[in-house]
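Worth saying up front: this structure is predicted, and the values here are computed from it rather than measured.
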Amino acid sequence: MPELPEVEVVRAGVARWVAGRTVASVEVLHPRAVRRHLPGAADFAARIAGRTLGEPRRRGKYLWLPFGEAAVLTHLGMSGQLLVGEASAAPQRHLRARLAFADGGTDLRFVDQRTFGHLMVCPLVPDPRGGEAGVPDVIGHIAADPFEPVFDDEAFVTALRRRRTGVKRALLDQSLISGVGNIYADEALWRAGLHGERPTERLTAAQARLLLRSAREVMGEALQAGGTSFDSLYVNVNGESGYFARSLNAYGRRDEPCGRCGTAILREVFMNRSSFSCPRCQPRPRNAH
């Protein structure tokens, strides 16, 4: 699933090609693409047509295109893509929605093979996290992500240590910190030398700060590389894949040697997903939750 770096790469591409342009028409080609826009596909299209889109914004894994006091909110789900291309280009096999623009130039397409992603129009409200711009009302509960100016490092450290759960589960809690998913959680934990089952209440403040710094570092490096890509499902707006997967230290490296100590990386089942860690550098804690 695309995480913060991948969504930010898409946001930057959409900003370059779409911001400031006026929507001429909207096609919804699959009803599931707008299933969370409860008034339906026709209302979704009517709300956007004729509106000029502002600078795209992102919080965690959510991306939105503001217009006036509302926005088109996007979540890419497992396989969603926002692609920019020539309006005359043939439709992609899994094209779900398309926005054409009044200037007749490139269009914006939502392509989603598994149809887990979605688009919806929702009102903008004052940011409950303290940001200057509005946020879509339906994501007001989402925490700031660690690249936002409003993110409070010490508040995060305090909140993390007050939880009574495993540290990886806490990292994936989007009400605590947004944008971190399974891949970057494993990578941050490897860098910090912490096992994902380490109880949060047993973390020292220094360990919590190290974990936050590690998460920022690994996601920042992924941003520079264009995101993580394992197949053709994640691409940026130009259809190009990211390359950060080549730099992963833990995730997906089962039985490969740890880059620090040479011990074989271990795969464990976690919340119906996989966790990867070094059993020597990241020893499993005793009496974990």
Side-chain angles (χ1 to χ4, degrees), residues 1-9 60-61 76-81 113-114 116-117 146 160 163 165-174 176-200 202-203 207-208 210-236 240-289:
M1 178 180 292
E3 300 180 28
L4 184 155
E6 291 75 47
V7 178
E8 175 58 22
V9 169
K61 304 174 187 180
L76 297 177
M78 293 290 290
S79 59
Q81 304 168 18
Q113 176 178 324
R114 298 171 185 166
F116 291 159
L160 177 66
R163 298 289 173 102
T165 187
V167 66
K168 180 172 179 177
R169 192 179 296 266
L171 277 179
L172 299 179
D173 183 348
Q174 302 298 294
L176 179 65
I177 180 172
S178 67
V180 183
N182 201 40
I183 295 173
Y184 297 118
D186 279 0
E187 291 299 298
L189 288 163
W190 181 87
R191 291 192 183 208
L194 297 170
H195 192 279
E197 293 297 327
R198 173 74 69 91
T200 50
R202 297 184 198 169
L203 290 174
Q207 287 174 323
L210 174 61
L211 180 60
L212 176 59
R213 184 168 70 250
S214 298
R216 275 205 183 101
E217 288 175 354
V218 72
M219 290 193 292
E221 291 168 15
L223 273 170
Q224 294 298 316
T228 300
S229 178
F230 296 102
D231 55 35
S232 62
L233 290 183
Y234 167 65
V235 294
N236 66 17
E240 300 167 345
S241 294
Y243 296 99
F244 189 67
R246 301 175 185 177
S247 303
L248 295 174
N249 290 296
Y251 187 87
R253 298 191 64 235
R254 178 180 184 178
D255 296 331
E256 295 181 32
C258 169
R260 268 194 304 251
C261 71
T263 304
I265 295 292
L266 178 67
R267 175 192 175 273
E268 299 175 280
V269 176
F270 172 80
M271 295 174 61
N272 296 318
R273 287 177 279 186
S274 296
S275 274
F276 298 87
S277 62
C278 172
R280 182 175 180 182
C281 295
Q282 302 165 261
R284 173 179 284 276
R286 297 180 180 179
N287 303 319
H289 292 293

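Residues Leu248 and Glu187 form a side-chain contact, since some pair of their non-hydrogen atoms from C-beta on lies under 4.5 Å apart. In this structure, Val180 and Leu4 have side chains that are not in contact, with every pair of non-hydrogen atoms separated by 4.5 Å or more. Taking the side chain as every heavy atom from C-beta outward, Tyr251 and Val218 never approach each other to under 4.5 Å. A 4.5 Å side-chain heavy-atom check between Glu268 and His195 finds at least one atom pair inside the cut-off. In this structure, Pro146 and Met219 have side chains that are in contact, with non-hydrogen atoms separated by less than 4.5 Å. Within the 4.5 Å cutoff, no side-chain heavy atoms of Leu212 are placed close to those of Leu160. Two residues are said to be in side-chain contact when any heavy atoms from C-beta on lie closer than 4.5 Å; Leu210 and Arg213 meet this criterion. When side chains are defined from C-beta on, Thr263 counts as touching Pro279, because their heavy atoms get closer than 4.5 Å.
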Q: Applying side chain to side chain contact (heavy atoms under 4.5 Å, CB included), run through Arg163 and Asp173 and close with a yes or a no.
A: CA-CA 11 Å; Arg163 298 289 173 102; Asp173 183 348; 2.6 Å; yes

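By the 6.0 Å contact criterion, CZ on Arg273 is enclosed, its count of non-hydrogen atoms from other residues, nucleotides or ligands being greater than 12.
To the nearest 0.5 angstrom, Glu256 atom CD is 10.0 Å from Phe276 atom CZ. To the nearest 0.5 angstrom, Arg216 atom CZ is 12.5 Å from Leu223 atom CG. Here CD of Gln207 is found 11.5 Å from CZ of Arg202. Values are rounded to the nearest 0.5 Å. Atom OG of Ser275 sits about 7.5 Å away from atom CD of Glu197, to the nearest 0.5 Å. Distance check: Cys278 SG to Leu189 CG gives 12.5 Å after rounding to the nearest 0.5 Å. One distance of note links OH of Tyr184 with CG of Leu171; it measures 14.0 Å at 0.5 Å rounding.
When all heavy atoms are compared, the tightest approach of Glu3 to Lys61 is CA-CG, 4.3 Å. Residues Leu172 and Ala185 come closest through the heavy atom pair CD2-CB, 4.1 Å.
With salt bridges taken as basic N to acidic carboxylate O contacts below 4.0 Å, none links Asp255 and Arg267.
When each of Thr200, Asp186, Leu194 is tested with Lys168 by the rule side chain to side chain contact (heavy atoms under 4.5 Å, CB included), just one qualifies, namely Asp186.
Between the side chain of Arg260 and the main chain of Arg280, no donor-acceptor pair closer than 3.5 Å is present.
In the model, Arg114 has no side-chain atom that pairs as donor or acceptor with a side-chain atom of Ser79 under 3.5 Å.
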